Amino acid sequence: MKEWRVRPALVMLFLILALAVPTPVFGEGPGTGGRQIRLEDEPAGPYLLRVVSSPTPPRVESLYLEVRVTEAASGREVTDASVWTRADYEDGQAPSIEVEAVHAIAPIPTEYASHLPVSRSGTWSITITVDGPQGQGEASLLIQILEPTSISAFISVGLPVAGLAALAVIFYLLQRRYALTSD
Amino acid sequence: MDVPLPLTGEKPRSGDIYRPPANLDLLHLPVLGRLLRWRWGRLVFQLFFFAVAALVIYDGFTGPQLAPENSATVLAWVHYRGYVILALLLVGNLFCFGCPFTLPRTLARRLSLSGGRWPRPLRNKWVSIAGLFLIFWLYEWLDLWASPWLTAWVAVGYFVGSFVLEALFAESPFCKYVCPLGAFNFVYSTASPLQIRPREAEVCSTCVGKECVNGSATVPGCGTELFVPTIRSNMDCTFCLDCARACPYDNVALSPRAPLEELTHDRGPARWDMAFLVVALTLFGISNAFGMVSPVYALHTWMAEALGLESDGLRLLLIFGTLNIALPALVVFGGARMSKVLGGRSSQPPLLLAGRYAPAFVPMGFGIWLAHYGFHFSIAGLAIVPVMQSFMLDHGILWLGLHPDWGTSRVLPQEWIFPLQIGAVLAGFFVALYVLLRRAIRPGTTPAEGFREILPWALVLLVITIVSLSIFNLPMEMRGTFNLGVR
């Protein structure tokens with residue numbers, strides 16, 4: 001039988017060459033589990049908007065929006081518009097937030113992105129305003145914001161430690177019974 | 001052909017082989033059994049998954065490059081992972097059973113000229129471990145989750161890898177020694193409720209042809225060279241059921257077994273590579289989840305500033321190398337050594353101790369992966385509906401409506417998901433402790449010695465649990481952005 005010869009040097013060479021290629025820390029494309037499409041080709045004046053939110057689910061202090069703007073008439077992507085995102089709380093009193101969406105923080109460079117530090121859980125009305133060469137446009141949507149997750153120290157530390165303690169007790173009892181029977 | 005030895009390398013002894021009781025044989029159920037035993041039964045499932053893989057490749061290369069809008073990324077990173085972990089929990093290694101990547105095997109076998117055997121030094125799990133490391137590293141480095149195009153290339157890579165190895169070697173080394181997906185499925189199928197076994201052991205003892213492993217005139221034998229009467233573990237079993245189809249005596253059963261029977265059995269794999277694989281997969285689970293929360297970005301920034309590491313790939317290589325290679329090595333080799341020292345006079349050699357106690361990491365890892373993959377599947381499982389609506393519309397097909405319903409996403413109510421994640425991790429930990437307990441109690445060792453032996457492993461599991469719960473408690477970050485200004 002013939003044995004197949006491995007060339008680890010070739011593998012290492014490939015890895016070293018690959019590592020030499022400069023890459024951004026984080027990718028240029030949106031993720032799957034973390035992102036959700038909220039609006040797709042939504043009319044906003046002379047434009048069509050795609051709005052993607054992340055993470056999923058969005059939580060207090062953590063709502064990011066990415067906006068793609070295209071001209072409704074030509075389908076051409078608009079990259080030189082002024083895009084503002086505004087969040088108004090629907091379930092009670094909370095200060096509204098207005099943030100400009102910019103290319104600099106957008107995963108896809110031709111799109112616009114903003115971080116909205118929403119302060120309370122509940123329903124927020126999000127309004128996206130576009131001011132570009134073709135004129136102004138606006139679109140809205142509702143987004144449900146959740147409280148941050150939290151588990152008590154009892155669950156995250158206490159229960160596991162209790163489990164280990166229970167294991168020690170079981171062994172103690174087994175040892176005692178073993179000692180009694182061996183006597 | 002020689003009948004291969006079981007994983008431990010020991011010769012099988014008749015009283016030493018675990019066989020589930022013959023209470024139910026799925027292969028002899030009225031409809032399902034006939035389908036499974038049918039010569040082309042597996043092919044039906046493989047064709048389904050092949051169609052899915054073809055869609056992943058086609059849409060990945062030609063479809064929209066926004067990940068949540070493309071079936072390649074949604075199917076691969078949401079549905080495949082959710083399906084695999086749930087199938088392993090509820091049934092068994094159903095992905096390997098329907099694996100589309102092995103479909104081109106027949107063609108590859110015809111092309112096979114050399115008939116060479118897989119090199120002896122690589123007949124272990126080290127290549128699989130390297131493959132797992134590579135795929136998880138690439139996943140983070142190249143943001144595979146974010147790129148339908150790269151995801152499609154991953155699928156192509158699997159097809160090519162399987163085909164080439166099949167063509168170069170006389171056996172099927174891809175599944176057993178190389179495939180990272182297979183390694184994951186093999187490890188966690190040891191906790192699955194179904195196992196292949198002989199219906200009557202006596203029939204096997206008098207069998208001359210051993211068709212289950214050697215193959216018959218029309219059906220190949222076991223691709224991973226498992227011999228049915230010596231199977232005591234789901235490890236390396238792809239559930240292909242070729243053994244059942246090849247057996248001339250219809251003596252192969254697919255039976256339910258007692259929960260945790262394999263994991264609590266005292267005949268674990270006494271091999272360093274197996275022990276390392278099991279422990280490493282648990283820590284892969286942590287590092288994979290760690291890559292999604294904000295502390296990892298702080299770590300990146302610190303590494304860039306303090307260590308001057310400008311390359312993202314190098315930083316991730318260092319993080320993953322530490323978490324997934326150095327740490328598992330420390331746990332396995334250090335744990336075995338500590339067990340030996342603490343266990344005292346009756347303790348066994350470190351290799352046997354690693355083989356004995358490493359399987360406790362299977363339920364722990366399972367819990368972490370279930371919490372992670374289950375999370376993605378729970379919040380985005382139904383996203384495939386609008387994705388397929390969009391795909392059809394892009395191709396001028398209006399069957400699924402004119403407007404994709406992008407609001408369709410969650411499978412479970414939001415408020416259930418986090419408690420279920422916490423429950424999965426804690427359940428994994430408690431079951432792991434139970435596995436340690438069962439494995440520690442054996443003849444010739446006092447309970448006190450057994451407890452001292454498992455103490456290092458139990459403490460590691462405790463730390464893993466607390467760290468996992470802390471990670472899952474953190475909100476998922478918006479990945480793929482400018483975070484912290486480090487680009």
Side-chain angles (χ1 to χ4, degrees), chain A residues 1-6 18-40 50 52 54-57 59 62 64 104-108 113 115 144 146 148-151 155-157 159-161 163-164 166-168 170-172 174-175 177-179, chain B residues 65-69 73-74 77-78 114 116-120 122 141-143 145-147 168-169 292 300 310-314 317 376 379-380 404 406 409 414 418 422 426 429-430 433 437 441 446-448 450-451 458 462 465-466 469-470 473 475-483 486-487:
Chain A
M1 293 285 186
K2 279 195 278 184
E3 291 280 322
W4 187 252
R5 293 192 62 189
V6 184
L19 282 171
V21 179
T23 50
V25 172
F26 305 110
E28 300 300 331
T32 42
R35 275 175 168 71
Q36 188 173 357
I37 296 170
R38 299 286 182 167
L39 296 176
E40 177 77 38
R50 180 178 71 194
V52 177
S54 68
T56 302
R59 297 185 186 275
S62 181
Y64 294 85
I105 64 168
I108 298 174
H115 172 222
Q144 195 73 25
L146 301 184
T149 55
S150 70
I151 48 173
I155 292 176
S156 61
V157 179
L159 272 182
V161 171
L164 193 56
L167 186 71
I170 291 169
F171 272 101
Y172 170 75
L174 288 171
Q175 178 64 29
R177 196 174 70 177
Y178 173 83
Chain B
Q65 291 301 303
L66 182 73
E69 203 175 10
T73 30
V74 172
W77 307 120
V78 175
S114 68
R117 298 277 292 171
W118 186 244
R120 187 171 292 276
L122 301 181
W141 179 23
L142 303 179
D143 295 327
W145 42 270
S147 170
L168 287 175
F169 299 99
M292 299 169 48
H300 269 283
E310 293 300 322
S311 163
D312 186 25
L314 268 181
L317 194 62
H376 287 296
I379 64 165
W406 294 109
S409 179
Q414 184 65 54
F418 185 58
I422 300 306
L426 285 174
F429 173 66
F430 291 130
L433 291 186
L437 168 72
I441 297 170
T446 68
F451 180 69
L462 177 74
T465 304
I466 293 171
L469 291 174
S470 305
N473 190 40
M476 206 172 97
E477 268 297 328
M478 179 196 179
R479 302 204 291 183
T481 64
F482 68 105
N483 285 283
V486 182
R487 291 196 76 106

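Labels below follow one simple rule: chain letters A, B, ... track the order of the sequence lines, proteins then strands, and each chain is numbered from 1. Model, not experiment: these values are computed from the prediction.
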- Item | Atom pair CD/CD of E69(B) and E40(A) - distance to nearest 0.5 Å | 4.0 Å
- Partners passing ring-ring contact (aromatic ring centres under 6.0 Å, His included) against F429(B) (at least two apart in sequence or in another chain): none
- Query: Side-chain contact, heavy-atom cut-off 4.5 Å: T465(B) with L159(A)?
  - Reply: no
- Task: For W406(B) and I37(A), work out which heavy atoms get closest and say how close.
- Result: CB-O, 3.4 Å
- Item | Where L469(B) and P160(A) come nearest, the two heavy atoms and their spacing | CD1-CG, 4.4 Å
- Message: How close do A448(B) and Q175(A) get, counting heavy atoms only, and between which atoms?
- Response: N-OE1, 2.7 Å
- Query: Taking all atoms of both residues into account, what is the closest heavy-atom pair of V161(A) and L462(B), and its distance?
  - Reply: N-CD1, 3.6 Å
- Say you draw a straight line from CZ of F171(A) to CD1 of I441(B); how long is it, rounded to the nearest 0.5 Å? 5.0 Å
- Kindly compute the distance separating CD (Q36(A)) from CD1 (I379(B)), expressed to the nearest 0.5 Å. 8.0 Å
- Heavy-atom contact with chain A under 4.5 Å, split by part of F430(B): side chain
- Message: If I compare all heavy atoms of L164(A) with all of L433(B), which pair ends up nearest, and what's the gap?
- Response: N-CD1, 3.8 Å
- Item | Contacts of S470(B) that satisfy side chain to side chain contact (heavy atoms under 4.5 Å, CB included) - sequence neighbours left out | I466(B)
- Item | Between CD1 on residue I155(A) and CD1 on residue I422(B), distance to nearest 0.5 Å | 7.5 Å
- Query: Where on P148(A) is there a heavy atom nearer than 4.5 Å to chain B: the side chain, the backbone, both, or neither?
  - Reply: neither
- Message: With a 4.5 Å cut-off on side-chain heavy atoms, are I151(A) and F418(B) touching?
- Response: yes
- Which answer fits A179(A), side chain, backbone, both or neither, if we ask what part of it has an atom under 4.5 Å from a heavy atom of chain B? neither
- So which part of I170(A) gets closer than 4.5 Å to some heavy atom of chain B, the side chain, the backbone, both or neither? side chain
